[in-house]
Structures are given as structure tokens and as C-alpha cells.
Amino acid sequence: MEPAEQQDAGNHTLLTEFVLSGLSSRPELQHLLFFTICLVYSMTLIGNLLICMVTVHPTLHMPMYFFLRVLSFLDISTASVVVPKMLVSLLSEDRSISYLGCVTQLYCVVFLAATEWYLLAAMACDRYVAVCWPLRYAAIMSPRTCLSLVLLSCCSGKVVSVLQTAWVVTLSLCGPRRINYFFCDIPPLLVLSCTDTSLYEKQLISATVLVIFTPFCLILLSYACIISSILRISSAESRHKAFSTCSSHLTVVTLYWASGTLIYLQPKSSNSQDAKKILALIYTTVIPTLNPLIYSLRNKEVKEVLIRVVAVLMKK
């Protein structure tokens with residue numbers, strides 16, 4: 001095994017391995033946390049896999065369900081990047097993670113989170129066109145347009161993740177190798193830096209505005225136009241259906257916005273590190289579990305197809 005620490009020319013202790021503190025340091029909670037998170041992770045996998053299966057049904061070949069399928073894939077990926085390592089750490093005394101493993105996990109988390117934000121903005125645009133331009137919806141939101149929006153979201157997420165990971169790699173991380181977190185993320189890594197990080201913190205806040213606030217403002221603008229159009233619909237049933245579809249999307253967006261901004265707008269605030277753990281647990285574990293419930297339970301078409309798919313699976 002390579003040494004966990006090496007001395008550099010400036011007599012700083014450079015870290016080549018880290019130890020994740022996990023969710024809690026209390027031994028009596030480890031097994032309870034393990035079974036709870038394992039249950040939530042299982043629900044995440046089952047729920048999102050069902051959504052992926054259901055949305056390929058011929059009756060659900062609409063842009064909204066295509067975006068929903070991509071969202072479910074991103075949720076599965078986000079949870080799978082974080083949760084398995086966390087579950088192993090809860091049952092094992094070895095909570096170490098290599099420098100390369102930490103950087104890889106950081107890159108994946110940032111890429112998936114940024115991509116999901118841009119995808120949520122694309123979903124808001126889809127709802128805006130569906131409600132405000134219903135007669136031109138099929139022409140505007142063509143399969144090519146939908147695929148282009150997904151690819152643009154992925155490319156934007158990749159640019160953000162490459163830049164943020166490159167910034168972190170250039171920092172000199174030294175001192176205690178213990179990360180007060182349950183996965184490798186930007187805020188807990190900044191605490192380990194032995195150099196001035198004020199410039200990087202300003203850059204991170206700017207990136208947070210670009211990745212979170214810009215899509216969020218676009219989503220709010222889209223829904224302001226949507227609500228204005230919905231209020232002009234004469235049919236009460238049509239208004240209820242439109243509000244139901246849009247409210248599920250806004251629920252997801254609000255959860256992401258609240259957790260993301262509270263974590264990254266004060267990246268080096270050590271006093272709120274435990275609170276950030278809870279917020280990070282929400283957007284990496286809880287929200288991926290809630291997405292299938294929110295979209296399936298509030299969508300009549302998805303519920304009908306889901307019931308048929310489950311019935312077929314039970315017969316087999």
C-alpha cells in the first residue's frame with residue numbers, strides 16, 4: 001500500500017489518501033443507518049428502473065416522458081456514485097478512499113448534479129411549449145430537439161465538472177486527511193487546503209449561480225408564463241391536469257434548489273458541516289427516491305401504465 005501522506009518541498013504534508021468520517025461517528029447508529037440507507041437505495045433503484053421501463057411504453061412516447069426517463073437514469077447514477085461506498089463504510093472500520101478515487105467521485109457527482117439542473121430547465125421549457133403552444137408542440141419539441149437538449153445538458157454538465165475538478169486538483173491539500181463528510185465533495189475538500197482558497201470560493205459561488213440560479217430563474221420564468229396560460233383555460237379539468245403536471249416538476253426543482261444553494265454558497269463554512277451532510281444526503285439519496293413517487297403518483301398516464309407493467313411482472 002502506498003503511504004497515505006508524503007512530504008513536499010515546502011514541508012507540507014500532501015495527502016494521497018483520505019478517510020471519510022461518514023454520516024455519524026456514533027457506533028450504535030451505524031447498523032441502523034446502514035439498513036435505512038440500504039432500504040432507501042433499493043427504493044431508488046426499483047422506482048427509477050420502473051420509470052425507465054414504463055416510459056418506453058407506446059402510449060407514453062412524448063417528450064415529457066423522454067426527459068423523465070433521462071432524469072431517472074441520472075438519479076440512479078447519482079445514488080450509485082455515493083451510496084455503495086457509504087454503505088461499505090458503515091459496516092467497515094476502513095473508511096479510506098484514495099486520492100484518485102476521491103477525485104473521480106467528485107467529478108461524477110458534479111457532472112451528474114450539473115447535468116440534472118440543466119435537464120430540469122429543459123423539462124420546464126417542454127412544459128412551457130406544451131401549455132402555451134399546444135398546437136405547435138409536436139413540431140417544436142421534435143425527437144431531434146429533445147435529444148439535442150439532453151446532449152446540451154450533458155455537455156454543459158461535463159464542462160462544469162471538468163472545470164470544478166481541475167480547480168480542486170490544483171489545490172494543495174494537506175494537514176489532517178479526515179474528510180468530515182460521507183463522500184468527496186468540494187466544500188469538505190476546501191477545508192483541507194493549506195493554501196488560500198478565497199479566489200476558488202468566489203469562483204465556486206459564480207459557478208453555483210451559473211449552474212443553479214440561472215436554470216432556476218429560467219424555470220420560474222417558464223412557469224410564470226405557464227400559470228398565466230393555465231388561468232385562461234376555461235375547462236376546470238384541463239386546468240387541474242396542467243397544474244398537477246407542473247406542480248410535480250416544481251416540487252423536484254424546489255428540493256434541488258434549496259439543498260444545492262445552502263451547500264455551495266458557503267463552501268468553507270465548517271460550523272454548518274453537519275447540516276451540509278444532511279442537505280447532501282437529501283440531494284444524493286432522498287431526492288432520487290422521491291422523483292419516481294412524485295412523477296408517478298401525480299400523473300394519471302404513468303400510473304395506468306405502471307399498474308399494467310407491475311401486473312405483467314407479477315404474473316411472470
Side-chain angles (χ1 to χ4, degrees), residues 47-78 112-158 214-230 232-233 235 237-256 287-288 290-306 308-309:
N48 283 288
L49 285 173
L50 280 174
I51 290 295
C52 291
M53 292 171 58
V54 166
T55 51
V56 297
H57 195 274
T59 61
L60 299 179
H61 278 185
M62 294 173 58
M64 180 178 69
Y65 301 113
F66 170 70
F67 290 129
L68 180 56
R69 185 160 62 251
V70 177
L71 180 65
S72 293
F73 175 77
L74 292 175
D75 285 337
I76 291 174
S77 302
T78 300
L112 293 167
T115 301
E116 191 148 342
W117 260 111
Y118 291 122
L119 181 68
L120 290 171
M123 293 174 71
C125 293
D126 169 68
R127 291 298 84 207
Y128 165 74
V129 176
V131 174
C132 300
W133 303 87
L135 299 180
R136 299 183 59 190
Y137 178 66
I140 296 175
M141 299 303 296
S142 64
R144 183 175 181 178
T145 301
C146 295
L147 182 59
S148 298
L149 288 172
V150 170
L151 291 177
L152 181 61
S153 299
C154 292
C155 291
S156 301
K158 185 173 183 179
T214 302
F216 185 67
C217 290
L218 178 61
I219 291 168
L220 289 183
L221 179 61
S222 299
Y223 278 97
C225 296
I226 289 172
I227 291 172
S228 177
S229 297
I230 290 175
R232 292 197 297 266
I233 298 176
S235 171
E237 183 179 353
S238 298
R239 284 200 305 269
H240 179 268
K241 183 178 180 180
F243 271 120
S244 179
T245 302
C246 296
S247 62
S248 60
H249 184 206
L250 283 176
T251 302
V252 176
V253 170
T254 302
L255 288 171
Y256 270 111
I287 293 178
L290 293 178
N291 276 347
L293 298 176
I294 291 172
Y295 281 103
S296 61
L297 294 179
R298 298 182 66 88
N299 188 294
K300 182 180 178 181
E301 290 83 359
V302 173
K303 281 192 293 185
E304 290 176 351
V305 176
L306 181 60
R308 289 201 294 266
V309 170

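Heads up: numbering here begins at 1 and tracks the sequence. All values below were derived from every heavy atom in this structure, side-chain atoms included, with hydrogens, water molecules and symmetry-related copies excluded.
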### Query
Nearest 0.5 Å, what's the CG-SG distance between Leu112 and Cys154?
9.0 Å

### Task
Work out which heavy atom in Arg69 is nearest to a heavy atom in Thr55; give both atom names and the distance.
NH1-O, 2.9 Å

### Query
Where do Ser156 and Leu152 land on the side-chain contact (heavy atoms from CB on, under 4.5 Å) test, with the steps shown first?
CA-CA 6 Å; Ser156 301; Leu152 181 61; 4.2 Å; yes

### Task
Could you pull out the closest heavy-atom pair between Thr115 and Gly157, with the gap in Å?
OG1-CA, 3.5 Å

#### Entry: Residue pair Ile287, Asn291: steps toward the side-chain contact (heavy atoms from CB on, under 4.5 Å) verdict
CA-CA 6 Å; Ile287 293 178; Asn291 276 347; 4.0 Å; yes

### Query
Judged by atom type as modelled, is there a donor-acceptor pair below 3.5 Å linking the side chain of Asn48 to the main-chain atoms of Pro288?
yes

### Query
What's the shortest heavy-atom distance between Phe67 and Met123, and which atoms?
CB-CG, 3.5 Å

### Task
Would you please test Val253 and Trp117 for side-chain contact (heavy atoms from CB on, under 4.5 Å) and show each step?
CA-CA 8 Å; Val253 170; Trp117 260 111; 4.2 Å; yes

### Query
Would Leu218 and Cys125 count as a side-chain contact (heavy atoms from CB on, under 4.5 Å) if you check the C-alpha gap in whole Å, the side-chain angles of each, and the deciding distance to 0.1 Å?
CA-CA 8 Å; Leu218 178 61; Cys125 293; 4.2 Å; yes

#### Entry: Rounded distance (nearest 0.5 Å) linking atom OH of Tyr65 with atom OG of Ser72
12.5 Å

### Task
Output all residues satisfying side-chain hydrogen bond (donor to acceptor under 3.5 Å, both in side chains) with Ser148, sequence neighbours left out; order by chain, then residue number.
none

### Heavy-atom pair with the smallest gap, counting every atom of Pro215 and Ala121
CB-CB, 4.0 Å

### Query
With side chains defined as the heavy atoms from C-beta onward, is the minimum distance between Phe66 and Asp126 less than 4.5 Å?
no

## Note on the structure
Minimal heavy-atom distance between His61 and Val56, with the atoms involved, is NE2-O, 3.2 Å

### Separation of Asp75 CG from Leu49 CG (nearest 0.5 Å)
11.5 Å

### Query
To the nearest 0.5 Å, how far apart are SG in Cys146 and CE in Met64?
11.5 Å

### Task
Check Ala124 against Ile219 and note the closest heavy-atom contact, atom names and distance.
CB-CG1, 3.7 Å

### Message
Rounded to the nearest 0.5 Å, what separates atom OH in Tyr137 from atom CE in Met62?
### Response
5.0 Å

### Message
For Phe73, I'd like to know if atom CZ has over 12 heavy atoms of other residues, nucleotides or ligands within 6.0 Å.
### Response
no

